[in-house]
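Scroll down for the structure; my scribbles are underneath it.
Side chains included, hydrogens not; waters and symmetry mates left out as well; all remaining heavy atoms used. Just so we're on the same page: letters track the sequence lines, and every chain starts at 1.
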There are 2 protein chains.
Amino acid sequence: MVLERGLASTRVADIAKATNVSGGLIHYHFATKDDLITEMLRSTSGSEIQRLREIAAEPGGAVERLDRVLRFYIPASRSDQSWILWLDAWAVGVREAHVRTILLELEGAWIEILAEVISQGAATGEFTCDDPQGAAERIDGMLDGLVVRYTLHAGGMSRGRLLHHARVAAAREVGLAVAVFEDQSPAPED
Amino acid sequence: MVLERGLASTRVADIAKATNVSGGLIHYHFATKDDLITEMLRSTSGSEIQRLREIAAEPGGAVERLDRVLRFYIPASRSDQSWILWLDAWAVGVREAHVRTILLELEGAWIEILAEVISQGAATGEFTCDDPQGAAERIDGMLDGLVVRYTLHAGGMSRGRLLHHARVAAAREVGLAVAVFEDQSPAPED
DNA sequence: CCCTTGACTGAACGGCTAGTCAGTAGTAGG
DNA sequence: CCTACTACTGACTAGCCGTTCAGTCAAGGG
């Protein structure tokens with residue numbers, strides 16, 4: 001519902017209708033609309049973090065694992081609009097500390113996982129990187145920014161180009177050639 | 001007003017009060033609140049683009065010019081909250097095409113200028129870069145993402161670190177050492 | 001079979017705010 | 001001096017939507 005209508009203009013009645021439930025019931029379980037929204041964000045962020053950890057933990061070489069994380073980061077396709085939620089949440093988070101906390105956890109998890117994968121790759125000698133934390137922050141930031149662009153402007157950037165950028169930046173951060181990453185999977189075009 | 005209260009919860013009455021004008025007058029000049037907001041975004045984006053072009057056009061070597069653009073990109077200090085406007089606008093832009101158009105122009109201008117500065121640097125031999133457009137897209141994306149983090153989470157990242165990241169990424173894109181950029185100006189710490 | 005409790009409904013309330021409108025004041029043109 | 005026009009005001013309205021509340025229903029315990 002929020003992806004469809006936006007955080008700001010989603011009404012309690014919309015959610016009630018979509019869940020085949022009365023408006024009263026929503027307020028029986030959640031004191032205020034803010035509570036409901038915050039809980040939803042917390043839950044969504046939580047499962048995203050969990051899924052991310054699983055994906056990072058799956059076996060494979062450092063290149064393979066890093067590339068898997070990158071691919072999980074970016075939208076699966078044009079029709080994957082899940083990022084809209086976080087664009088909305090950023091705007092709300094400017095004013096609401098609870099939301100900001102959730103966002104901090106989510107971004108923190110991404111950076112932590114990225115830093116960990118890069119560190120491990122450096123430890124095994126597959127990567128060359130003397131500042132995994134910094135590299136993770138830069139990669140995370142770049143993906144955030146590029147995904148905004150991808151999500152907002154249909155024609156502005158293809159998913160393939162987005163993935164390419166991610167791989168170029170990642171490859172540079174860990175001292176490898178892009179080609180090593182591009183071999184991981186074909187880049188789609190939409 | 002919008003920076004203070006947010007796009008979503010700024011009332012016409014707030015703007016009227018802040019400008020010492022009646023609510024009626026606002027609607028005398030702007031048919032709807034949306035018109036007013038859109039016009040404000042257009043105007044803000046317009047002067048930002050103009051200022052950006054001026055800054056890029058100022059004389060200097062390629063390193064100096066690129067660094068100047070990077071420094072203009074990131075907030076001047078903790079108290080510079082101008083980026084909040086664009087976080088809000090991203091959220092609105094998801095649903096409103098007019099806003100999306102303005103955002104596309106703004107981002108387009110940034111990328112264009114970055115690409116131009118990098119191209120010129122490559123032409124004079126100061127830089128080594130075989131894909132200025134791609135480099136510009138990556139730098140622009142990274143800055144967007146990092147500025148979101150900087151704006152949202154007071155303790156999460158210092159302005160100095162933000163600038164450092166920008167310079168590391170830029171230096172890498174143009175085939176130089178970071179130190180070349182760090183000499184441009186001392187990095188602040190707030 | 002009664003009573004309590006928790007889940008749930010739908011109608012109603014009330015605060016908020018975008019947009020309207022009737023009217024005022026100043027100014028320029030004739 | 002009259003007219004027309006533009007800028008402007010402030011009170012009002014209409015509708016939206018979060019929240020409340022009185023009451024229904026089913027289940028379980030004693």
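Using modelled atom types and a 3.5 Å distance limit, the side chains of B:Thr32 and B:Asp34 yield no donor-acceptor pair. For the 3.5 Å distance criterion, the side chains of A:Glu107 and A:Trp86 fail to qualify, holding no donor opposite an acceptor.
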Any protein N or O atoms within reach of nucleotides 18-21 of chain C? Criterion: under 3.5 Å, listing atom names and distances.
{"from": "C:dA18", "atom 1": "OP1", "to": "B:Lys33", "atom 2": "NZ", "distance (Å)": "3.4"}
{"from": "C:dA18", "atom 1": "OP2", "to": "B:Val12", "atom 2": "N", "distance (Å)": "2.8"}
{"from": "C:dG19", "atom 1": "OP2", "to": "B:His27", "atom 2": "NE2", "distance (Å)": "3.3"}
{"from": "C:dG19", "atom 1": "OP2", "to": "B:Lys33", "atom 2": "N", "distance (Å)": "2.7"}

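At C:dC8, none of the side-chain N or O atoms of A:Tyr28 fall inside 4.0 Å of OP1 or OP2 (strictly under the cut-off).
Salt bridge status for B:Glu105 with B:Arg42: absent, with no side-chain N to carboxylate O gap under 4.0 Å.
In this structure, A:Ile26 places its CD1 atom 18 Å from P of D:dC21, rounding to the nearest Å. The NZ atom of A:Lys17 sits 15 Å away from the C1' atom of C:dG10 (whole-angstrom rounding). D:dG23 atom C1' lies 15 Å from atom CG of A:Leu25, rounded to whole Å. Whole-Å rounding puts the A:Arg5 CZ to D:dC17 C1' distance at 11 Å. Rounded to whole Å, the distance from CZ on A:Phe30 to C1' on C:dA7 is 14 Å.
Within a 6.0 Å radius of NE2 in B:His27, other residues, nucleotides and ligands contribute more than 12 heavy atoms. B:His98 NE2: 12 or fewer foreign heavy atoms inside a 6.0 Å radius.
Between A:Trp83 and A:Tyr73, the ring-plane angle classifies as parallel under the 30° and 60° cut-offs.
Using modelled atom types, no side-chain atom of B:Asp140 and backbone atom of B:Met142 make a donor-acceptor pair closer than 3.5 Å.
Each ring pair (Phe, Tyr, Trp, His ring centres under 6.0 Å) pair with one or both residues in residues 48-68 of chain A, not counting sequence neighbours, would appear here, but there are none.
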**OP:** Would you give a per-nucleotide map of nucleotides 23-28 of chain C, 5' to 3', where B means the base has a protein non-hydrogen atom under 4.0 Å away, S means only the sugar-phosphate does, and - means neither?
**Re:** ------
